[in-house]
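Just passing along the structure, written as structure tokens.
On a predicted model such as this, the values are computed, not experimentally measured, just so you know. Every number for a ligand or one of its atoms is a count from 1 in the order of the listing.
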Amino acid sequence: QAKAAGRGRWVRYDPAMVAEESARYALSADMPDALERGEFTLVYQPIVALPGQKLLGLEALVRWRHPELGLLPPDRFIALAEETGFIVPLGRHVLRQACRQAAVSFPDHDLFVSVNLSVAQTQEDSLVSDIGEALVAAGLPASRLQLELTESALMSPHGAGLRALRTLADGGVRVAIDDFGTGYSNLAYLRSLPVHTLKLPRPFIAGLDQAEQGGAPAVEEQIVDALVRLAHAIDLTVTAEGVETYAQAQRLSALGCDTAQGWFLGPAYPPEQLRRLAVGQPATDARSR
Ligand code: C2E
Ligand code: MG
Ligand code: MG
Ligand code: MG
């Protein structure tokens, strides 16, 4: 069995690779039934204001509670689901569940829920109606939903359902660009997009600790500084991701970063704990999962 490997080499036969391939195949073949059985669930990570750490919203992060393999994080199955197209029904399930759990858990709050969308979802003709139905079914106002898209979803030549996103944004849904600065954004084009927030990825944020040690600011700090200024210049807000230390939160506040999330600010909570989170009580059993 010859197969073109990722690095452009030809591999004749590699039992480990064959085993991995068949494990991937088994996992992807399993997904539709797993969805039926309710094995895909969400956890929610707080997004807080800086400074002060007031809770503003939560990002929904999908997990697969696999009966044999245990709790699988998205990097074990999202790419697979994207390859097979299963990401579309899975993404629809995530949207509905996130809207419903947000509406149920925060009836008296303005908290928003932030949902990750894959490129394939943004290219579905039914995107606007899917989201509209999820909101109506849950009784959640559009203003309390944020969608997270990657740069490639927004900047792709297809326009990536750009018209759909405009319709959604006109209806009050917020749009964030996830992992901003890791793709190929057209900065001139950015201001014309229906986008409200830039989310800065963890590697940029991790570099902020070095800046504390004095001397010239680390290059990551200069990047964060520049991106916050850019965002504010075109009326966007900035969310820092992966904040793991007090020092990072401090630097981000000083740089004018609007909102943040990360283990220092709060782990991802199961839906049962959201109600307590909303009323400002620290939830018990707060470990991320
Ligand atoms: P993302 O949207 O950038 O999500 C942030 C990831 O960073 C999450 O990993 C979160 O658990 C993790 N994280 C949060 N705070 C910290 C921290 O302080 N330190 C570190 N080291 N990590 C932190 P997770 O849940 O494993 O998700 C990984 C990626 O999977 C997400 O990245 C997103 O791209 C994708 N994903 C998650 N849920 C969904 C979904 O429902 N649909 C789609 N299409 N993609 C999803
Ligand atoms: Mg995200
Ligand atoms: Mg991401
Ligand atoms: Mg991200």
Taking only heavy atoms of Val94, which atoms of ligand 1 are found under 4.0 Å from at least one of them?
41 (O)
With a 4.0 Å cut-off on heavy atoms, is Glu59 in contact with ligand 1?
yes
Apply side-chain hydrogen bond (donor to acceptor under 3.5 Å, both in side chains) to residues Glu59 and Gln45 and explain how you reach the verdict.
CA-CA 5 Å; Glu59 178 174 5; Gln45 184 173 43; over 6 Å; no
When you look at CG of Asp75, are more than 12 heavy atoms from neighbouring residues, nucleotides or ligands closer to it than 6.0 Å?
yes
Gln261 to ligand 1, any heavy atom closer than 4.0 Å
no
Any N/O/S atom, side chain or main chain, of Asp179 closer to the Mg ion (ligand 4) than 2.8 Å?
yes
Donor-acceptor pairs under 3.5 angstrom involving side-chain atoms of residues 135-147: please list them, not counting sequence neighbours.
residue	atom	partner	partner atom	Å
Arg144	NE	Leu111	O	2.8
Arg144	NH1	His109	O	3.4
Arg144	NH2	Phe106	O	3.2
Arg144	NH2	Leu111	O	3.3
Gln146	NE2	Ser114	OG	2.8

Contact region, Glu241 to ligand 1, non-hydrogen atoms below 4.0 Å, reads side chain
What atoms of ligand 1 come within less than 4.0 Å of a heavy atom belonging to Glu244?
17 (C), 18 (O), 19 (N), 20 (C), 21 (N)
Run the side-chain hydrogen bond (donor to acceptor under 3.5 Å, both in side chains) test on Asp235 and His196 for me, step by step, so that the C-alpha distance in whole Å, both residues' side-chain angles and the decisive distance to 0.1 Å come before the verdict.
CA-CA 8 Å; Asp235 287 329; His196 306 86; over 6 Å; no
Polar contact flag, side-chain donor to acceptor under 3.5 angstrom, Arg275-Ser105
no
Do the side chains of Asp225 and Arg229 get close enough for a salt bridge, i.e. N-O under 4.0 angstrom?
yes
Ligand 1 to Gln45, heavy atom cutoff 4.0 Å, flagged ligand atoms 14 (C), 15 (N)
Would you mind telling me if ligand 1 is within reach of the side chain of Leu42, the backbone, both or neither, using heavy atoms under 4.0 Å?
neither
May I ask whether Asp179 has any heavy atom positioned less than 4.0 angstrom from an atom of ligand 1?
yes
Which is closest to atom 1 (P) of ligand 1 by heavy-atom distance: Asp178, Thr182, Leu265?
Asp178
Which heavy atom in Asp258 sits nearest to a heavy atom in Thr237, and how many Å separate them?
OD2-CA, 3.4 Å
Does Glu82 have a heavy atom less than 4.0 Å from any atom of ligand 1?
no
Would you say ligand 1 has an N or O under 3.5 Å from any N or O of Val62?
yes
Which is closest to atom 22 (N) of ligand 1 by heavy-atom distance: Phe264, Phe77, Trp263?
Trp263
So, do Phe86 and Phe77 have ring centers that fall under 6.0 Å from each other?
no
Decide whether the shortest distance between a heavy atom of Ala268 and an atom of ligand 1 is less than 4.0 Å.
no
Apply side-chain hydrogen bond (donor to acceptor under 3.5 Å, both in side chains) to Gln101 and Tyr44, showing your working.
CA-CA 10 Å; Gln101 287 172 341; Tyr44 293 88; 2.5 Å; yes
Would you name the N/O/S atom of Asp178 that lies closest to the Mg ion (ligand 4)?
OD1
Going by heavy-atom distance to atom 10 (C) of ligand 1, choose the closest among Val119, Leu90, Leu61, Ile78.
Leu61
If you count every heavy atom of other residues, nucleotides or ligands that lies below 6.0 Å from Arg191 atom CZ, does the total exceed 12?
no
So does Arg166 have more than 12 non-hydrogen atoms from other groups sitting under 6.0 Å from CZ?
yes
What atoms of ligand 1 come closer than 4.0 angstrom to any heavy atom of Ser118?
44 (N)
Using distance alone, determine whether Asn116 and ligand 1 share an N or O pair under 3.5 Å.
yes
Of all the N, O or S atoms in Glu148, which has the shortest distance to the Mg ion (ligand 2)?
OE1
Would you mind listing the cluster partners of Phe112? Hydrophobic ones only (ILVMFWY), side-chain contacts under 4.5 Å, chaining allowed.
Ile47, Leu56
At the Mg ion (ligand 2), what's the angle from Glu59 OE2 to Asn116 OD1, rounded to 10 degrees?
90°
